[in-house]
*Asks:* 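For reference, the structure I am asking about is given below.
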Protein chains: 2
Amino acid sequence: MAQSDTVTRILDTAEVLFAERGFAETSLRNITSKARVNLAAVNYHFGSKKALIQAVFARYLDPFSERFHSALDALEARYASRDIPLEVLLETMATTVLEVPAERNSLKVFMRLLGLAYSQAQGHLRRYIQQEYGDVFSRFTELVRRATPDLPDAERFWRLHFMLGTVIFTLSGLDALRDIAEKDYHQQVSVRDLIRRLRPVVVAAMNAPLPDERDTEPHADTVAH
Amino acid sequence: MAQSDTVTRILDTAEVLFAERGFAETSLRNITSKARVNLAAVNYHFGSKKALIQAVFARYLDPFSERFHSALDALEARYASRDIPLEVLLETMATTVLEVPAERNSLKVFMRLLGLAYSQAQGHLRRYIQQEYGDVFSRFTELVRRATPDLPDAERFWRLHFMLGTVIFTLSGLDALRDIAEKDYHQQVSVRDLIRRLRPVVVAAMNAPLPDERDTEPHADTVAH
DNA sequence: GATTGTTTAAAACATCCGTTTTTATGGAGA
DNA sequence: TCTCCATAAAAACGGATGTTTTAAACAATC
C-alpha cells in the first residue's frame, strides 16, 4: 500500500467536500484533516489548490471524454454519412454519463461538480475544462446541429444549455428531491427512473416551437436592457 | 442627508459584488471600500455578514412576494373558480419577476442572486428563503396542479423541478454562458431575451408526452442505484 | 449649552487561509 | 551497512477575513 495512497485519499475526500460546499468554502485543512493526511501533502502532490480542483475534474472527465469519443465513433460508423437522430445522440450521452462514475457510485458527486464548474466563478476551471475537453463537446454539438437542421444556431445553443441545466440540477440535487418526492408521493425513485422521465421532456423541449420574433409584453414596464 | 444613506450604499454595493463573485468570494472590506463606508458599518447596521446577505435578498423578495400574491389574487378573481391556464400562470410569474427589479435597473443582479441562493451552499439562506417566502411558492404550485389535471402528481413534481433547474442553471451561470454565446455567435444576450427563449421550451416540456410505462434500454449496463 | 443616543472612524483582535520551510522517516540501491 | 531520496509530518509565515473595541463626530432633546 501507500505508493501514493495519499493522493487517492486526497482526491476522494476533496471531491466529496467540493461537491457538498463548493470550492471557496472548502479549505485545504478541511480536506486533509478528513482524509487524515498532512496539510502540506496537497501542495506537495498537486502544487496548489487550483491544481487540486483541476485534478478532481480530470479524474472524471478523462475517462468520460475517452468513452464518449468511442461511443460517437461507433455511432458515426453505424450511421455512415446519414444524420444521427437527436434521440440517439441524447441517449448515447446519457449512457456514457451514467457509465463513468458508476464504478465509484458517485454519479451525484459528478453531477454536482459539473454544476459547480458552471456556477462558481473559478475562471481557471472553465478555461481548463474548455481547453482540455472542449473538442468532445464541440464534436457532440456539431452532431446535434446536423440532427436539428431547422433550429437556428443560437436557439440550439441555448436549448442545449437549458437541458444541461435540467439534468445537472436534477441529478445533483437528487437526494433532496428524492426525499420530497418519496414523502409526498411515496414512490421509489431510481436514477434510471429519472432518466426515463427526462427523455420525453428533453426531446419536447428541443423540438419546441421557435419563440416569437418580436415579443415583449404589453403590460410590463420598461426593464433594464 | 445621511439619515441612513450608509445602509443603502452598503446594500447597493453588496448586491452587485455578491452577484458578480458570489458570497464567500466577496469580503466585507470589498463592499465597504467600494461603498466608501467604514468597515464596521456592516456589523453595526446588519449585525453580521449572514444578515447582510439576507437583507440583500429581502429587498428583492419582499416586493416580489407582495406583487406575486396580488397578481395571483387578480388571476383568481378574473378566472372565478375556473382553472387558470398553465401559460397564464407561467407568464404571470415571469412578468412579476421582471417587474420587481425594474426600478433599479438590476434585473440581472436579481437573477444572479436567485441562482446563487440555490447553487451556493449557504444553508442559512435557503432556510431563510423557505421560511420567509415558502407560502407564495406553495400557492403557485397548487395553481399549477389545477392547471395540469391530466399530469400525474409525481410527473408534475418532477417536471416542475426540471424546469426550475433549467431556469436556475441558466440564470446562475449567466455570465459564463453569456461569454460563450457572445464569442461563438457574437450576439448580445439580455435577460429579457433569455426569458423569451425560455417560454416555448418550458411550455413544451410541461406538455411533453408521458414516458413509456415499461422502458429500459437494452445496451446500458447496470448502474448505481 | 450640556447631555443623550446614534452613527462614523480607526485600530486592534482572534482566527483562518494557502503556501513554504524545516525536520523526521523509512525503504531501495550501492 | 550506509547513503540517498521520495514522502510524510510539524511548524511557521504572511496575508486576509469577520468581528469587536475604543474614540470621535454629530444631531436632537431637555
Side-chain angles (χ1 to χ4, degrees), chain A residues 1-59 113 116-117 120-125 127-128, chain B residues 1-59 113 116-117 120-125 127-128:
Chain A
M1 61 165 152
Q3 141 77 6
S4 237
D5 170 67
T6 302
V7 169
T8 308
R9 278 230 300 286
I10 291 176
L11 285 172
D12 287 344
T13 310
E15 71 175 26
V16 171
L17 291 182
F18 285 154
E20 281 176 0
R21 333 184 195 171
F23 305 116
E25 295 84 353
T26 303
S27 71
L28 294 185
R29 285 171 174 82
N30 291 153
I31 298 172
T32 53
S33 71
K34 181 165 183 187
R36 297 191 307 125
V37 150
N38 190 270
L39 169 62
V42 169
N43 286 28
Y44 177 78
H45 286 286
F46 297 93
S48 69
K49 187 181 181 181
K50 282 185 184 179
L52 205 215
I53 295 176
Q54 294 176 357
V56 165
F57 274 83
R59 206 161 56 138
L113 288 176
L116 287 179
Q120 305 259 103
Q122 299 290 350
H124 75 94
L125 222 200
R127 261 176 278 123
Y128 170 78
Chain B
M1 62 166 150
Q3 141 79 7
S4 236
D5 171 67
T6 300
V7 169
T8 308
R9 278 230 300 286
I10 290 176
L11 285 173
D12 287 345
T13 310
E15 71 176 24
V16 171
L17 292 183
F18 285 155
E20 281 176 359
R21 333 184 195 172
F23 305 116
E25 295 84 354
T26 303
S27 71
L28 293 186
R29 284 169 176 82
N30 290 154
I31 297 172
T32 53
S33 71
K34 182 166 183 187
R36 299 192 305 125
V37 150
N38 189 268
L39 170 62
V42 169
N43 287 75
Y44 176 78
H45 286 286
F46 298 93
S48 68
K49 187 180 181 182
K50 282 185 184 180
L52 206 215
I53 295 176
Q54 295 177 356
V56 165
F57 274 83
R59 205 162 57 139
L113 288 177
L116 286 179
Q120 305 258 103
Q122 300 289 352
H124 74 96
L125 224 198
R127 257 176 281 124
Y128 170 79

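FYI, side chains are in, hydrogens and waters are out, and symmetry mates aren't considered; it's all heavy atoms of this structure. Letters go in sequence order (proteins before strands), and every chain restarts at 1.
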*Asks:* Choose from D/dT19, D/dA6, C/dC17 the nucleotide whose nearest atom is closest to any side-chain atom of B/R29.
*Replies:* D/dT19
*Asks:* Atom CD1 of A/I31 and atom P of C/dG18: how far apart are they, to the nearest Å?
*Replies:*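 These atoms are roughly 8 Å apart.
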*Asks:* A/A40 side chain: which of C/dT6, C/dT21, C/dT19 is closest?
*Replies:* C/dT21
*Asks:* Looking across every strand, which nucleic acid part, if any, lies under 4.0 Å from B/T32 by heavy atom: base, sugar-phosphate, or nothing?
*Replies:* nothing
*Asks:* Under the side chain to side chain contact (heavy atoms under 4.5 Å, CB included) test against B/V7, which residue among B/D5, B/I10, B/L11 passes?
*Replies:*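 Running side chain to side chain contact (heavy atoms under 4.5 Å, CB included) over B/D5, B/I10, B/L11 with B/V7 returns exactly one hit, B/L11.
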*Asks:* Would you say C/dG18 has OP1 or OP2 under 4.0 Å from some side-chain N or O of A/N43?
*Replies:* no
*Asks:* Applying ring-ring contact (aromatic ring centres under 6.0 Å, His included) as the test, list every pair that has at least one member in residues 8-35 of chain B; sequence neighbours left out.
*Replies:*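 Residue pairs passing ring-ring contact (aromatic ring centres under 6.0 Å, His included), neighbours aside: B/F18-B/F23.
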*Asks:* Show the nearest heavy-atom pair for residues A/L17 and A/T26, with the distance to one decimal.
*Replies:*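 Heavy atoms only, the tightest pair is O-OG1, 3.4 Å.
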*Asks:* Mark yes or no for whether A/R9, through its side chain, and A/A35, through its backbone, hold a donor-acceptor pair below 3.5 Å.
*Replies:*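 Yes, A/R9 side chain to A/A35 backbone: donor-acceptor pair under 3.5 Å.
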*Asks:* So which atom in B/R21 and which in B/E25 form the shortest heavy-atom distance, rounded to 0.1 Å?
*Replies:* O-OE1, 2.9 Å
*Asks:* So which nucleotide from C/dA9, C/dT19, D/dA9 ends up closest to the side chain of B/N38?
*Replies:*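 The listed nucleotide nearest to B/N38's side chain is C/dA9.
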*Asks:* Within a strict 4.5 Å, meaning less than it, do heavy atoms of the A/R29 and A/L39 side chains meet?
*Replies:* yes
*Asks:* Rounded to the nearest Å, what distance is computed from the CG atom of residue B/L28 to the P atom of nucleotide C/dT15?
*Replies:*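 Computing the B/L28:CG to C/dT15:P distance gives 18 Å.
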*Asks:* Taking all heavy atoms of B/A14 and all of B/L52, pick out the closest pair and write down the distance.
*Replies:*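 Closest pair (atom of B/A14, atom of B/L52, distance): CB-CD1, 4.1 Å.
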*Asks:* Looking only at non-hydrogen atoms, find the nearest pair between A/D12 and A/E15 and report the distance.
*Replies:*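 Nearest pair, atom of A/D12 first, then A/E15: O-CG, 3.3 Å.
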*Asks:* Select one nucleotide: of C/dA11, C/dC17, C/dG18, the one nearest the side-chain heavy atoms of B/L39.
*Replies:* C/dA11
*Asks:* Using the side-chain heavy atoms of A/T6, tell me which of these nucleotides is nearest: D/dG18, D/dA8, D/dA9.
*Replies:* D/dA8
*Asks:* A/H124 has an atom NE2; how far is it from atom C1' of C/dG18, in whole Å?
*Replies:*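 The answer, rounded to whole Å, is 13 Å.
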*Asks:* Quick check on contacts: within residues 47-58 of chain B, what sits under 4.0 Å from DNA chain C by heavy-atom distance?
*Replies:* none
*Asks:* Are there any protein N/O atoms within less than 3.5 Å of an N/O atom in nucleotides 24-28 of chain C, and if so, which ones and at what distance?
*Replies:*
none

*Asks:* Counting only side-chain nitrogens and oxygens, does A/S27 get under 4.0 Å of the OP1 or OP2 atom of C/dC17?
*Replies:*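 The answer is yes; a side-chain N or O of A/S27 sits under 4.0 Å from OP1 or OP2.
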*Asks:* Could you tell me the separation between the OH atom of B/Y44 and the P atom of C/dT6, rounded to a whole number of Å?
*Replies:* 7 Å
*Asks:* Considering non-hydrogen atoms only, spot the tightest contact between B/T6 and B/A41 and give its length.
*Replies:*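 Scanning both residues completely, I find the closest heavy atoms to be CG2-CB, 4.1 Å.
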*Asks:* Take atom CZ of A/R36 and atom P of D/dT7, then tell me their distance rounded to the nearest Å.
*Replies:* 20 Å
*Asks:* Give a yes or no on whether the backbone of B/S27 and the side-chain of B/N30 come within a donor-acceptor separation of less than 3.5 Å.
*Replies:* yes
*Asks:* Measuring from the side chain of A/H45 (C-beta onward, heavy atoms only), which nucleotide among D/dA8, D/dT19, C/dT19 has the closest atom?
*Replies:*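 Among the listed nucleotides, the one closest to the side chain of A/H45 is D/dA8.
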*Asks:* Could you tell me the separation between the CD1 atom of B/I10 and the P atom of D/dG18, rounded to a whole number of Å?
*Replies:*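 Atom-to-atom, B/I10 to D/dG18, this comes out as 13 Å.
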